[in-house]
Amino acid sequence: MSNQDKPVRVRFAPSPTGMLHIGGARTAIYNWAFARATGGTFVLRIEDTDPERSTEENTQIILRALRWLGLDWDEGPEVGGPCGPYFQTQRTETYEAALEKLIEAGAAYPCFCSKETLDAKREAAEKTEGGYAGYDRTCRSIPAEEAAARIAAGEPHVWRLKVPEDHGPVTFQDAVYGDMSFPIDVMDDMILRRTDGTFTYNYAVVCDDVNMGITHVIRGDDHLSNTPRQVLVYEALGAEVPMFAHLSMILGADGKKLSKRHGATNVEEYRDRGYLPDALVNFLALLGWSLDGETTIIPPAELCRTFSLDRITKKHSIFDEKKLDWMNGVYIREMGAPAWVDVAKPWLAQANLDGSNVADGVTVVPTPTKEEAAAAAAELRVPGEGVDADTWEACLADVDDDHEFYEAMYPLVAERLAHLDEIPAKLAFLFWGDSVVLDEKSVQKVLLKEGARADEALAICRAILANDENPWDAEALEELCRAAGEEAGLKPKLLFQPLRVAVCGNMVSPPQFEAMMLMDPADIVARIDGVAQKVFN
RNA sequence: GUCCCCAUAGUCUAACGGUUAGGACGCGGCCCUUUCAAGGCUGAAAUACGGGUUCGAUUCCCGUUGGGGGCACCA
């Protein structure tokens, strides 16, 4: 039975050297979705063989990011499985065993060339015409007895793969690139085991993939050129070569490799900025893959039904945050109030905190310039930061205790949010009590506008809102105000905008009457009075 | 240096020899509207270039240009 007839087994194999990067996340998503779509198995393997950079903490960060994205693995850390251990550092015996096999079969040989000689040879070769063509195979011709003696004498050596002399071009199948073929003469005898006894990556991955029964290797295309080298190892091991699928790179908006200066490059930063995991998964899935070229909203569950390797693109793609924002908004609008409150809890608590900490009475604050506003939006603000733990806990608890109250905020902002961290700025006014923070520009353009009669507008609305015989109902109050305004010869805009500024502090706000339903009527009247006095007296 | 890969609007993509080159984000306009959104309608916007093959090329071949990746006792 060939690999292609066997049940699918795929793996995601991150190195725990930092955060889970956007590119890594997409690789994980494709592996996961492919496993789910085919009823296969998704294996998570940690490639922690670089002691310099690999840490336990980083492993945890990556697992946490995968969990947040909703990518569950069938075998791997924490869940175990029949092919463990799932950490490369714990698998050295398997590499040893495989190397023994290769040595026995005459497919590997010891090399006594020092790193220094090799480096010198390479440097010299690079200066000549033709350049460096790989290891010159000096040690290949050392007779077995001599080699054994030198090893026994303790001479430092590495083990190299003996590329077969009569091998034709190295070929393999790639679901994205099709049939690949590489000339054999550019393949040098790669090192399998280093002088210090550790094993090289290109050797270790193949051992692992063979021993874990991986049928499809889905990974970044930075490995495309390494693949023939690895295929040689599969062949030497007598193992079946899996199907590959190499994924093109994800670049920043300027077409350059994604890096810090592009803003967020790792998954948890998107979480912290209020993106929903489903939206991020949907978005990343579409970077290099399409369902039919038409469908853009593909929730994870749908992805797990429809994902296929044959619709992966070869071309690199650019990460367009604008589109992510749009897509996140779509998911926010579709998720419904209860789920929204749960996921938005930290930001709702922050809105409460921000609103409650406002100065007493009516204050006027300068309108931020475009640049200031953009800078503020770009800055990552972690909810609860700089607040004492007890206060913060209380704010969070308030969201749980008063879930329905917070759910009522959902229709106010659901169609106005690109990401959840915009919540505090949009909803803090609900928590002002009888105080108001007036935006300076709004005061000028609405309350103090020539001929606007804003003072009259406020008086008219105040009378209606203060009259407790009127039903406390958004639509009813709005209609009463509208009628009264009409009678006074005030167009809706001239009537309602002053009220909006007085109650919400800004000429731009969520629907004001619906918002007022979440506030204390007495506070609203107090705000109107306060503003009227501050601005008109 | 060498091997390999890529190329449809600003961006993500569809079209696997025959379409008025389709969809989505973004951008413009109109409608809706007390703000901002959301929503509806609508507009501008692409086959990198040059050669072939073919009755016919986005599609196949070659070249040019422009991008990217690998070639380590890193992963």
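What you see is a predicted model; the values in this text were computed from it and never measured.
- Under 4.0 angstrom from either OP1 or OP2 of G69(B) there lies no side-chain N or O belonging to Arg219(A).
- Pairing of G1(B), defined by two Watson-Crick or G-U wobble distances under 3.5 Å, is identified with C71(B).
- A distance of about 11 Å separates the C1' atoms of C62(B) and U53(B), rounded to the whole Å.
- Separating the C1' atom of A57(B) from that of C49(B) is a span of 16 Å, rounded to the nearest Å.
- Nucleotides A14(B) and A21(B) place their C1' atoms 9 Å apart, quoted to the nearest Å.
- In the set C73(B), U34(B), C12(B), the nucleotide with an atom closest to the side chain of Ser317(A) is C12(B).
- The separation between Asp221(A) atom CG and G67(B) atom C1' is 13 Å, rounded to whole Å.
- Within 4.0 Å of Gly485(A), counting heavy atoms only, lies no atom of the nucleic acid at all.
- Distance from the side chain of Thr49(A) is smallest to A75(B) among A14(B), A24(B), A75(B).
- With distances taken from any side-chain atom of Phe513(A) to the nucleotides U34(B), A14(B), C73(B), the minimum falls on U34(B).
- Side-chain proximity of Glu294(A) to G23(B), G69(B), U35(B): nearest is G23(B).
- Between the side chain of Arg26(A) and the backbone N or O of Leu284(A), no donor-acceptor pair lies under 3.5 Å.
- Only the P atoms considered, U8(B) is 15 Å distant from G67(B), to the nearest whole Å.
- For Lys323(A) against A24(B), a side-chain N or O and a base N or O form a donor-acceptor pair under 3.5 Å.
- If you check every strand for non-hydrogen atoms under 4.0 Å, Thr296(A) touches sugar and phosphate atoms only.
- Residues from residues 223-236 of chain A with heavy atoms under 4.0 angstrom of RNA chain B, sorted by number: His223(A), Ser225(A), Asn226(A), Arg229(A).
- Among the protein residues, Tyr177(A) comes within range of the sugar-phosphate backbone only, with heavy atoms under 4.0 Å from sugar or phosphate atoms but none that close to a base.
- Residues Thr200(A) and Asn202(A) have side chains that never bring a donor and an acceptor to within less than 3.5 angstrom of each other.
- No hydrogens or angles considered: a donor-acceptor pair under 3.5 Å links the side chains of Glu235(A) and His167(A).
- Candidate nucleotides U35(B), U2(B), C74(B) were compared by shortest atom distance to the side chain of Val186(A), and U2(B) ranks first.
- A salt bridge links Arg229(A) with Asp188(A): the closest approach of a Lys/Arg side-chain nitrogen to an acidic carboxylate oxygen falls below 4.0 angstrom.
- When the nearest nucleotides of RNA chain B are assigned to Leu287(A) and Phe112(A) by heavy-atom distance, the more 5′-ward of the two goes with Leu287(A).
- A side-chain donor-acceptor contact under 3.5 Å links Thr55(A) and Asn58(A).
- For U35(B), its base never sits under 3.5 Å from the side chain of Gln512(A) at any donor and acceptor pair.
- Checked against the 6.0 Å centroid threshold, Phe319(A) and Phe283(A) count as a close aromatic pair.
- A salt bridge links Arg482(A) with Glu478(A): the distance from a Lys NZ or Arg NE/NH1/NH2 to an Asp or Glu carboxylate oxygen falls below 4.0 Å.
- Glu96(A) CD: more than 12 foreign heavy atoms inside a 6.0 Å radius.
- Taking the P atoms as reference points, C5(B) lies 39 Å from A44(B), given to the whole Å.
- In this structure, the CE atom of Met249(A) is 16 Å from the P atom of A7(B), given to the nearest Å.
- Between Met327(A) atom CE and G23(B) atom P the separation is 17 Å, expressed in whole Å.
- With both ends at atom P, the span from U58(B) to A48(B) equals 10 Å, rounded to whole Å.
- Asp439(A) and Thr367(A) share a donor-acceptor pair across their side chains, judged by distance under 3.5 Å alone.
- Taking the six-membered ring where the residue is Trp, the centroids of Phe513(A) and Phe496(A) are separated by under 6.0 Å.
- Heavy atoms of Lys115(A) sit under 4.0 angstrom from at least one base atom.
- Nucleotides U13(B) and A75(B) have their C1' atoms positioned 32 Å apart, rounded to a whole Å.
- Remark: P of G68(B) and NE2 of His316(A) are 9 Å apart, rounded to the nearest angstrom.
- Between the side chains of Tyr201(A) and Asn226(A), not a single donor N or O lies within less than 3.5 Å of an accepting N or O.
- Closest approach to the Val508(A) side chain among U13(B), U35(B), A75(B) is made by U35(B) (side chain taken as heavy atoms from C-beta onward).
- Between Trp289(A) and Glu415(A), it is Trp289(A) whose nearest contact on RNA chain B lies nearer the 5' terminus.
- Note: CG (Asp222(A)) to C1' (C6(B)) measures 15 Å, nearest angstrom.
- Residue Arg311(A) places at least one side-chain N or O under 4.0 Å from the OP1 or OP2 atom of A15(B).
- Whole-Å rounding puts the Ile297(A) CD1 to A24(B) C1' distance at 9 Å.
- Between A24(B) and C6(B), the distance separating the two P atoms is 29 Å to the nearest Å.
- In this entry the distance linking NE2 of His246(A) with C1' of G68(B) reads 15 Å, nearest Å.
- Distance from the side chain of Arg500(A) is smallest to U34(B) among U34(B), A75(B), C73(B).
- The phosphate of C12(B) has OP1 or OP2 within less than 4.0 Å of a side-chain N or O from Lys315(A).
- Looking at heavy-atom distances under 4.0 Å, Cys111(A) makes no contact with the nucleic acid at all.
- Rounded to whole Å, atom C1' of C73(B) lies 13 Å from atom CG of Asn202(A).
- Of the candidates C73(B), G69(B), A37(B), the closest approach to any side-chain atom of Arg194(A) belongs to C73(B).
- Here C25(B) is the nucleotide among C25(B), U34(B), A75(B) with the atom lying nearest to any side-chain atom of Lys322(A).
- Residue Phe182(A) places its side chain closer to C3(B) than to any other of C3(B), A75(B), U11(B).
- Here Arg333(A) reaches the OP1 or OP2 of G39(B): one of its side-chain N or O atoms lies under 4.0 Å away.
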